[in-house]
Amino acid sequence: MNSREKLVKFLTELSRIILGITFAFSGFVKAVDPLGFTYKIQDYLVSFDLPGLFPLALPAAITLVVLEFSLGVFLLLGIYRKPTVRLAAVFMAIFLPLTLWIALKNPVKDCGCFGDALIISNWETFYKNIVLGVCAVVLLRYYPRIMPLFSVGSAWKAGAYTVVFGFAFSVYNVVKLPVFDFRPYHIGANIPENMYIDPAKADVVENIFIYSKGGVEQEFTEEDYPWNDSTWTFVEMKTKLIQEGEKPRIEDFQVSALAYDSLLQGFVAGDDITQQLLSDTGYQFLMVSHSLEEMNKRHLDDFRKAAGFAQKKGYGFYCLTSSPVDSIEAWSARHPAGFRFAHADERVLKTMIRSNPGLLLLSGGNVINKWDDSEVPDFESERGEELLKAKGWKMNFWGKLMVILLIFIVPLLLVKLEEFKRKRSGLTAIKKGYTKKI
């Protein structure tokens, strides 16, 4: 093999590994939280003025996640080389110009290509896609040089299992809470800490004062504005971004209580209870439902029991929702539960927990535990107090990752072992036949 052939082989393998790992990782971390990817797709649909396609967002999210993950694994395994490379190239042909448009227009803060596991800027996403696009071009030219890890007879088994695994993993993380929680409201997170940013690292801004004189407006800074000159008339003040700094992981957590007015026979806006919830060192139960109208009511009784337990123990219990007041009143009339309601931003509630409804347990601003609607425990049992603590599996990130990797890798190894045994038995049969002829 001459130097040119070695270089081509090296570039082909390097491109396969870079493209394969990126696709597999991107697909996997989005499969961890398909609902998060669904919300990102809905953000794009809003940007394109296509809100009518919202019902298709979740099926599209799961389909894209499984396809992306499968293409990455196929590249790493070297199976179905021609169709896999072509599909990967189609992906890049679509997303390279799309991410350029996103970087220029900035319709969303980040593309969501790595979910919440790794957030990069829109321009970083575009630069990343340039590299991936180059890798795709190299593979289109030299894909026959990719060395497959499975024979033709075994490739379909490895491919089918990869697709089934990707789909099953995605659906599981829709039905249940995501196996891994990369959001700032994960178990063990401290919400006040995630709301804080060092002022030295924050945005650098400048206040611009606009004054008018003789019908002509002029801009001034804080150093030279004519505060003591009565011939100038103040018009307005603007804030100009000089240098963008770091952002706190949580920017918009705010909760306002709703109080029931017996005279008005309805709910009215109450006090801001954000600091109360975050500073109370006792337990605070937050039943989260971003939309009461769309809430799954199958396990509503479990939430009623949790509210009763909280009341007996003197713990706080609020139902946080972004539904309008008239919807809350209608829902309460149909499902009397005695919940105390509070308002919060819809996006915040969707970020706090993916289940609708779900239950969070806070203490001193720390997220102690969280449950989807099907897993709300019976706090009135003998183990009620123990259930308030998150233990074991929920907190073991590396343990969960190892189990998931084993679930995915072991069947592929068994397929490879079966292939090896089949080849070995075939060689043995050929050898015996050859010996018999002699």
Side-chain angles (χ1 to χ4, degrees), residues 1-31 37 40-41 44 47-48 60-108 110-115 117-152 154-156 158-160 162-163 165-166 408 412:
M1 185 183 291
N2 58 38
S3 57
R4 182 183 182 280
E5 286 294 316
K6 289 181 179 178
L7 178 60
V8 169
K9 180 65 176 175
F10 171 76
L11 290 177
T12 301
E13 288 301 311
L14 181 63
S15 298
R16 177 180 70 90
I17 292 172
I18 292 175
L19 203 60
I21 289 178
T22 304
F23 269 56
F25 175 73
S26 178
F28 179 80
V29 294
K30 288 201 287 286
F37 187 37
K40 183 61 65 176
I41 290 176
Y44 284 120
S47 299
F48 290 120
I62 293 177
T63 301
L64 287 173
V65 161
V66 175
L67 180 59
E68 189 175 14
F69 174 74
S70 299
L71 287 176
V73 174
F74 288 6
L75 283 169
L76 294 175
L77 298 180
I79 60 177
Y80 301 111
R81 295 171 296 181
K82 187 174 182 178
T84 297
V85 168
R86 286 185 173 180
L87 275 174
V90 169
F91 252 78
M92 298 319 305
I94 294 173
F95 285 101
L96 186 58
L98 177 62
T99 51
L100 174 60
W101 177 83
I102 292 171
L104 292 171
K105 299 296 183 179
N106 202 36
V108 293
D110 70 277
C111 73
C113 54
F114 296 122
L118 178 62
I119 297 176
I120 58 178
S121 70
N122 290 333
W123 279 111
E124 288 171 338
T125 299
F126 174 65
Y127 299 144
K128 179 258 300 179
N129 284 345
I130 290 178
V131 175
L132 297 183
V134 172
C135 292
V137 171
V138 171
L139 293 180
L140 278 173
R141 177 68 177 84
Y142 298 111
Y143 71 84
R145 298 173 187 265
I146 297 175
M147 185 65 67
L149 298 183
F150 289 88
S151 65
V152 175
S154 299
W156 73 269
T162 298
V163 173
F165 173 87
F408 178 63
L412 295 180

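Throughout, numbering of the chain's residues begins at 1 and tracks the sequence.
- Once rounded to the nearest 0.5 Å, the distance linking CZ of Arg145 with CZ of Phe10 reads 15.0 Å.
- At least one side-chain heavy atom of Leu64 sits less than 4.5 Å from a side-chain heavy atom of Phe37.
- Looking at heavy atoms from C-beta onward, Trp123 lies in side-chain contact with Leu104 at the 4.5 angstrom threshold.
- A salt bridge links Glu13 to Lys9: one of the charged nitrogens lies within less than 4.0 Å of a carboxylate oxygen.
- Across all their heavy atoms, Gly78 and Arg16 have their closest contact at N-NH1, 4.5 Å.
- Across all their heavy atoms, Tyr143 and Leu140 have their closest contact at CD2-O, 3.5 Å.
- Environment of CH2 in Trp156: sparse, with no more than 12 heavy atoms of neighbouring residues, nucleotides or ligands closer than 6.0 Å.
- The two atoms that bring Ala88 and Leu19 nearest to each other are CB-CD2, 4.0 Å, heavy atoms only.
- Contact check for Leu149 versus Ile79: no side-chain heavy atoms found under the 4.5 Å cut-off.
- Going from atom OG1 of Thr99 over to atom CZ of Phe126 covers 6.0 Å, rounded to the nearest 0.5 Å.
- Using modelled atom types, no side-chain atom of Lys30 and backbone atom of Phe114 make a donor-acceptor pair closer than 3.5 Å.
- Distance OG1/Thr162 to CG/Leu77: 6.0 Å, rounded to 0.5 Å.
- Residues passing the side chain to side chain contact (heavy atoms under 4.5 Å, CB included) test with Val137, sequence neighbours excluded: none.
- Proximity of Phe165 to Phe69: side-chain heavy atoms (C-beta onward) are separated by under 4.5 Å at one or more points.
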- Message: Could you walk me through whether Phe23 and Phe74 satisfy the ring-ring contact (aromatic ring centres under 6.0 Å, His included) test, starting with their C-alpha distance in whole Å, then the side-chain angles of each, then the deciding distance to 0.1 Å, before giving a yes or no?
- Response: CA-CA 10 Å; Phe23 269 56; Phe74 288 6; over 10 Å; no
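- No side-chain donor-acceptor contact under 3.5 Å links Ser154 to the backbone of Phe150.
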- Mind running ring-ring contact (aromatic ring centres under 6.0 Å, His included) on Trp101 and Tyr44 for me, showing each step along the way? CA-CA 12 Å; Trp101 177 83; Tyr44 284 120; 8.0 Å; no
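- Atom OG of Ser121 and atom CG of Asn106 lie 9.5 Å apart (nearest 0.5 Å).
- Smallest separation of non-hydrogen atoms from Leu75 and Val85: CD2-CG2, 4.1 Å.
- A heavy-atom distance below 4.5 Å is found between the side chains of Phe91 and Leu67.
- Here the straight-line distance linking atom CE of Met147 with atom OG1 of Thr12 works out to 11.5 Å at 0.5 Å rounding.
- Taking the side chain to side chain contact (heavy atoms under 4.5 Å, CB included) definition, one finds that Ser15 meets it with Cys135, Val138, Leu139, sequence neighbours left out.
- Nearest heavy-atom pair across Gly27 and Val65 is O-CG1, 3.4 Å.
- With rounding to the nearest 0.5 angstrom, the CG atom of Leu7 is 10.5 Å from the CG atom of Leu14.
- In plain terms, the two heavy atoms of Cys113 and Ile120 that are nearest each other are SG-CD1, 4.2 Å.
- A 4.5 Å side-chain heavy-atom check between Thr125 and Ile102 finds every atom pair outside the cut-off.
- Partners of Arg86 under the side chain to side chain donor-acceptor pair (under 3.5 Å) rule, at least two apart in sequence or in another chain, do not exist in this structure.
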